[in-house]
Amino acid sequence: MNNRIDKVEVRIEREAGCEDLPLPQAASAYSSGIDLYSAQTEVIEIKPGERKLISTGIKISLPAGYEAQIRPRSGLAYRHGITVLNSPGTIDADYRGVLKIILINLGNKVFYVNRGDRIAQLVIQKVFSPVLIEVEELDHTVRGEGGFGHTGMQI
């Protein structure tokens with residue numbers, strides 16, 4: 001079994017006033033995501049069906065060829081119906097602004113976000129830049145144009 005996990009250096013800068021918050025960190029040795037925390041100074045109320053933009057109070061610098069993906073936390077989704085609206089959100093390698101998370105409440109109760117709450121996960125991924133080549137016709141496959149449930153469920 002290969003226990004090797006590749007590492008990539010990501011620089012991180014805290015916003016002023018966020019020194020009290022933990023830096024993003026993995027919950028376990030093999031976690032692919034690192035937890036992001038709310039940096040909001042006030043309690044944020046998210047009513048059912050509402051969405052709110054939540055600051056993490058951090059900025060990152062990714063190496064060229066990488067992206068950061070913002071993903072929901074499974075516990076928040078399961079227990080409260082809280083998820084990341086544009087999941088996965090993409091942070092490009094040239095973005096230097098504060099990371100902000102769009103949370104939406106798909107549950108049936110008001111949800112409160114407090115300063116320091118774990119609100120999402122950050123996953124770093126290698127990206128590839130496509131070289132698009134226009135052709136007169138694509139190669140054929142057994143699947144062809146079948147999509148949207150063609151392997152079973154009809155839409």
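Count residues from 1 along the sequence. All values derive from a computational prediction rather than experimental measurement. All heavy atoms count here, side chains included; hydrogens, waters and symmetry mates do not.
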Working to the nearest 0.5 Å, report the span between [atom1] of [X] and [atom2] of [Y].
X      : Y      : atom1 : atom2 : result
Leu103 : Ser87  : CG    : OG    : 10.5 Å
Arg71  : Leu122 : CZ    : CG    : 9.5 Å
Ile119 : Leu76  : CD1   : CG    : 9.0 Å
Ile101 : Gln121 : CD1   : CD    : 11.0 Å
Arg73  : Ile82  : CZ    : CD1   : 12.0 Å

Please check if the side chain of Gln69 supplies one atom and the backbone of Thr90 the other of a donor-acceptor pair under 3.5 Å.
->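 Not at all, since once roles are kept as given, no pair shorter than 3.5 Å links the two residues.
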
So, for [X] and [Y], which heavy atoms are closest and what is the spacing to 0.1 Å?
X     : Y     : value
Ser31 : Ser28 : OG-OG, 2.8 Å
Pro22 : Gln25 : CB-NE2, 3.8 Å
Ser38 : Ile54 : OG-CG2, 3.6 Å

Sequence neighbours excluded, every pair satisfying salt bridge (Lys or Arg N to Asp or Glu O under 4.0 Å) that has a member inside [range]:
range            : result
residues 86-104  : none
residues 54-69   : none
residues 107-120 : Asp20-Arg115, Asp35-Arg118

Under the side chain to side chain contact (heavy atoms under 4.5 Å, CB included) rule, collect the residues that match up with [X], sequence neighbours excluded.
X      : value
Ala93  : Leu62
Lys126 : Tyr66, Phe128
Val142 : none
Pro24  : Ile12, Ile34, Leu36, Ile58

List the atom pairs, with distances to 0.1 Å, where a side-chain N or O of residues 42-51 and a protein N or O form a donor-acceptor pair under 3.5 Å, not counting sequence neighbours.
{"unit_1": "Glu42", "atom_1": "OE2", "unit_2": "Gln40", "atom_2": "NE2", "d": "3.2"}
{"unit_1": "Glu45", "atom_1": "OE2", "unit_2": "Tyr112", "atom_2": "OH", "d": "3.3"}
{"unit_1": "Glu50", "atom_1": "OE1", "unit_2": "Lys47", "atom_2": "N", "d": "2.8"}

What residue pairs, at least two apart or across chains, pass ring pair (Phe, Tyr, Trp, His ring centres under 6.0 Å) with a residue in residues 71-94?
->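 Sorted result for residues 71-94: His80-Phe111.
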
Using the ring pair (Phe, Tyr, Trp, His ring centres under 6.0 Å) rule, collect all pairs that involve residues 5-29, keeping only residues at least two apart or in two chains.
->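 Counting only pairs at least two positions apart or across chains, no ring pair (Phe, Tyr, Trp, His ring centres under 6.0 Å) contact touches residues 5-29.
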
Hydrophobic cluster membership, [X] vs [Y], 4.5 Å side-chain cutoff:
X      : Y      : result
Val8   : Ile60  : yes
Val135 : Leu132 : no
Leu23  : Ile124 : yes

Does Glu9 come within less than 4.0 Å of Arg11, counting only side-chain N to carboxylate O?
->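 Salt bridge flag = yes for Arg11 with Glu9.
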
Linked hydrophobic residues, Val98 as query - side chain contacts closer than 4.5 Å |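 Its cluster partners, ordered by chain and number, are none at all.
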
Shared-cluster residues of Ile104, by chain and number - hydrophobic side chains joined below 4.5 Å |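 Grouped by the 4.5 Å side-chain rule, Leu53, Leu85, Ile102, Leu106 form the rest of the cluster around Ile104.
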
Mind running side chain to side chain contact (heavy atoms under 4.5 Å, CB included) on Glu15 and Ser55 for me, showing each step along the way?
-> CA-CA 10 Å; Glu15 253 190 324; Ser55 175; 3.9 Å; yes

